[in-house]
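Naming: A, B, ... by sequence-line order, numbering from 1 per chain.
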Amino acid sequence: MLQIYNSLSRQKELFTPREPGKVGMYVCGITVYDYCHIGHARMFIVFDVLYRHLQALGLDVTYVRNVTDVDDKIIARAAQNNEPVDVLTDRFIDAMIEDETALNVLRPTHEPRATAAIDQMVALIDVLIEKGMAYAADNGDVYYSVSKFAGYGKLSGRKLEDMRAGERVAVDHHKHDPMDFVLWKSVKPGEPSWPSPWGEGRPGWHIECSAMAKSLLGEQFDIHGGGMDLQFPHHENERAQSEAAHDKTFANYWMHNGFVRVDEEKMSKSLDNFFTVREVLKEYTGEELRFFIVNSHYRSALNYSTAQLDAARAALQRLYTSLRGTLNNANAGIEQSYVDRFNESMNDDLNTAEAFAVLFDLAGEINKLDSPESAQATKLANTLRALGDRLGLLQADPEAALQGAPAKSGDLSSSDIDALIAERNTARAEKNWQRSDDIRDQLAQAGITLEDAGGKTTWRRS
RNA sequence: GGCUGAAUGGCAGAGUGGCUAUGCACCGGAUUGCAAAUCCGUUUACCUCGGUUCGACUCCGGGUUCAGCCUCCA
């Protein structure tokens with residue numbers, strides 16, 4: 001019985017799909033004008049874990065995550081680079097896919113691009129105007145009349161009066177009400193545009209998601225997700241548009257992931273304190289970054305630091321070390337009690353931190369066994385790999401994972417390392433401990449840790 | 001100013017009205033030529049002030065601090 005925290009009701013609710021056995025899920029993706037940062041990575045990973053969990057529960061999930069490929073920032077960046085908008089967006093979409101692959105994020109069922117759904121947006125705006133919920137201003141813009149939607153503010157927990165009282169909403173004389181937001185922006189010189197009944201122009205950001213969700217999931221669906229900062233105004237507006245147009249509930253459950261912070265401050269472009277995924281991947285593996293993100297609850301704030309990534313590496317080393325030497329036999333069976341515990345944690349609003357305790361318990365049990373190749377060890381290792389996969393982790397060959405981390409210092413090749421290990425073992429056979437220890441120290445300097453066990457010497461990056 | 005949310009041991013991070021989270025680090029032991037890895041054991045908590053209760057880190061109320069949203073933002 002899955003319970004998820006619904007931002008709309010501000011409490012955990014039992015998850016009941018609209019159609020038994022099926023789930024429609026929409027997540028707001030990114031605006032492609034730059035490389036993905038750790039905050040984007042968190043969104044990808046959080047909803048990837050949810051996607052995997054829903055599937056593990058036997059549900060047939062249609063997962064839609066859009067790509068916003070037309071927007072002020074994209075246009076500005078393309079102009080700055082002196083390149084066409086689509087060349088810029090294609091490049092960053094490719095980069096995004098590379099990053100996701102490195103983080104072992106599954107591709108959503110559909111990844112619609114806003115520019116391919118303009119017709120649906122125009123149609124939706126048309127419906128809103130027909131219903132008197134929107135109006136075309138004399139400057140060619142179309143606005144949504146916020147005051148005509150009774151439930152406005154419910155998702156973000158704010159009142160229209162409070163918002164109006166705020167001084168931070170810029171006054172625009174084309175709007176009937178300062179809170180009204182734009183559905184269609186009239187064309188400006190040099191900008192991409194499409195024809196519409198209100199003249200050439202381009203869609204506002206909010207209408208994109210309403211239109212793409214409708215065309216791929218229908219007028220109603222189960223889960224709508226995104227970053228915490230999208231709750232207002234983006235999701236509030238999406239909800240207002242879709243519910244006003246269709247006269248029915250839009251998404252039943254709204255989920256928002258917490259932020260990544262740096263020095264206890266939100267990671268963002270404007271604060272210029274962000275780290276891109278590819279930057280971090282120079283020093284850490286995608287799996288280490290993923291572990292760091294999955295290690296804490298998806299709604300809590302997550303403080304980024306290299307100390308945290310180091311801790312993720314150490315934790316992952318413990319898990320992989322327990323798998324070392326075990327047989328990778330998918331038919332070895334599953335120890336159900338661990339799976340049950342794992343599911344119980346995951347069913348509690350994706351309590352991944354608690355679920356991890358199950359993985360570490362499994363690692364401890366495997367370590368206690370006499371032989372990693374015993375039937376029981378194989379079964380437990382099989383269970384550990386299966387549960388790891390539920391979180392998108394532990395699928396690599398243990399030895400490769402332990403040796404594959406990017407070196408933090410030094411840059412010895414594996415053949416250099418093997419040669420030194422061979423020389424050291426010769427010295428050890430001669431009980432030349434001085435020479436043996438010198439070599440071990442030398443490797444330690446280069447970030448290589450040696451382990452002599454069972455008559456064999458293995459190594460890993462530390 | 002309005003509205004959310006959070007405060008747990010050296011660090012990270014779950015959770016519970018009375019019972020070991022977990023990982024890393026630390027300490028003692030086993031193992032090892034010495035290490036590493038592993039195993040066994042130990043130590044270190046619940047922002048503050050009041051209240052409810054036989055008993056509160058856990059529930060209620062006040063306070064303090066921090067973060068987020070109210071403007072593009074995952």
Touch class at under 4.0 angstrom, heavy-atom based, for A:Gly364 against every strand present: sugar-phosphate
Lys/Arg cation over aromatic A:Phe149: A:Lys154, 6.0 Å, 45° cone: no
Rounded distance in Å between the C1' positions of B:A25 and B:C57: 24 Å
B:U22 to B:U58 separation - P atoms, rounded to the nearest Å: 22 Å
Nearest-angstrom distance from the residue atom CD of A:Glu399 to P of B:A36: 19 Å
Pairwise C1' distance, B:C49 and B:G10 [rounded to whole Å]: 28 Å
Interatomic distance, A:Lys154 NZ vs B:C69 P [rounded to whole Å]: 24 Å
Between B:U16 and B:U8 - C1' atom distance, rounded Å: 12 Å
Side chain A:Lys159 and base B:C3 donor-acceptor under 3.5 Å: no
Side chain of A:His40 - closest among B:U38, B:A74, B:C34: B:A74
Sugar-phosphate only, base, or nothing, as touched by A:Val260 at under 4.0 Å among non-hydrogen atoms: base
Base B:A35 paired with A:Arg440 side chain (donor-acceptor, <3.5 Å): yes
Sugar-phosphate only, base, or nothing, as touched by A:Asn367 at under 4.0 Å among non-hydrogen atoms: sugar-phosphate
Sugar-phosphate, base or nothing in reach of A:His234, heavy atoms under 4.0 Å: nothing
Any N/O donor-acceptor pair, A:Arg261 side-chain to B:G68 base, under 3.5 Å: no
Assigned partner base of B:U16, Watson-Crick or wobble definition, under 3.5 Å: none
Donor/acceptor link under 3.5 angstrom from A:Asn351 side chain onto base of B:G13: no
N or O in side chain of A:Lys431 less than 4.0 angstrom from B:C34 OP1/OP2: no
Counterpart base for B:U4, defined by Watson-Crick or G-U wobble contacts under 3.5 Å: B:A67
Touch class at under 4.0 angstrom, heavy-atom based, for A:Gly39 against every strand present: base
Integer-rounded Å distance: B:C69 P and A:Met267 CE: 14 Å
Mate of B:C26 where both pairing distances stay under 3.5 Å, Watson-Crick or G-U: none
Ion pair A:Asp71/A:Arg202, N-O distance below 4.0 Å: no
For atom CD of A:Gln231 and atom C1' of B:C72, their distance in whole Å: 17 Å
Output a table of nitrogen or oxygen pairs between the protein and nucleotides 21-23 of chain B separated by less than 3.5 Å.
none

Complementary nucleotide for B:U42 - Watson-Crick or wobble, under 3.5 Å: none
Which nucleotide in B:A36, B:U38, B:G33 has an atom nearest any side-chain atom of A:Ala453: B:A36
P gap between B:U48 and B:G9, integer Å: 11 Å
A:Asp452 with A:Arg424: basic N within carboxylate O range, under 4.0 Å: yes
A:Phe259 six-ring centre to A:Lys266 NZ/CZ under 6.0 Å and within 45° of normal: yes
Ion pair A:Asp48/A:Arg65, N-O distance below 4.0 Å: no
Any donor-acceptor N/O pair under 3.5 Å between B:C73 base and A:Lys269 side chain: no
Electrostatic pair A:Asp348-A:Lys12, nearest N-O below 4.0 angstrom: yes
Salt bridge present between A:Glu451 and A:Lys456 (N-O < 4.0 angstrom): no
Partner nucleotide of B:C59 by Watson-Crick or wobble geometry (both distances under 3.5 Å): B:G51
Integer angstrom distance from the P of B:A67 to that of B:G13: 16 Å
cation_pi(A:Arg158, A:Phe232) dist<6.0 Å, angle<=45: yes
5' priority, RNA chain B, between A:Glu264 and A:Leu450 [closest heavy atom]: A:Leu450
A:Lys73 side-chain proximity, nearest of B:A74, B:C72, B:G13: B:C72
Sugar-phosphate only, base, or nothing, as touched by A:Ser436 at under 4.0 Å among non-hydrogen atoms: base
A:Arg113 and A:Asp86 ion-paired at < 4.0 Å: no
Cationic N near anionic O, under 4.0 Å, A:Asp437 to A:Arg440: yes
Closest to side chain of A:Phe232, choosing from B:U38, B:C70, B:C73: B:C70
Phosphate-side-chain proximity, A:Lys266 and B:C69, N/O vs OP1/OP2 below 4.0 Å: yes
Face-to-face stacking of A:Trp433 with B:G33, centres under 5.5 angstrom, angle under 30°: yes
Touch class at under 4.0 angstrom, heavy-atom based, for A:Leu230 against every strand present: sugar-phosphate
Sugar-phosphate only, base, or nothing, as touched by A:Arg424 at under 4.0 Å among non-hydrogen atoms: base
Nearest-neighbour nucleotide for the A:Pro233 side chain, B:C70, B:C34, B:G68 considered: B:C70
Pairwise C1' distance for B:U32 and B:U38, with rounding to whole Å: 11 Å
Residue matched to B:G33 through Watson-Crick or wobble contacts both under 3.5 angstrom: none
Charged N-O contact under 4.0 Å between A:Arg290 and A:Glu287: no
Contact under 4.0 Å: A:Ser300 side-chain N or O vs B:A12 OP1/OP2: no
N/O (side chain, A:Arg460) to phosphate O (OP1/OP2, B:A36) under 4.0 Å: no
Pairwise P distance, B:U20 and B:G5 [rounded to whole Å]: 31 Å
Value in whole Å for how far the P atom of B:U16 lies from CD of A:Glu344: 11 Å
Side-chain ion pair, A:Glu354 and A:Arg341, N-O less than 4.0 Å: no
Sugar-phosphate only, base, or nothing, as touched by A:Asp452 at under 4.0 Å among non-hydrogen atoms: base
Protein-nucleotide distance (A:His256, atom NE2; B:C70, atom P), rounded to Å: 12 Å
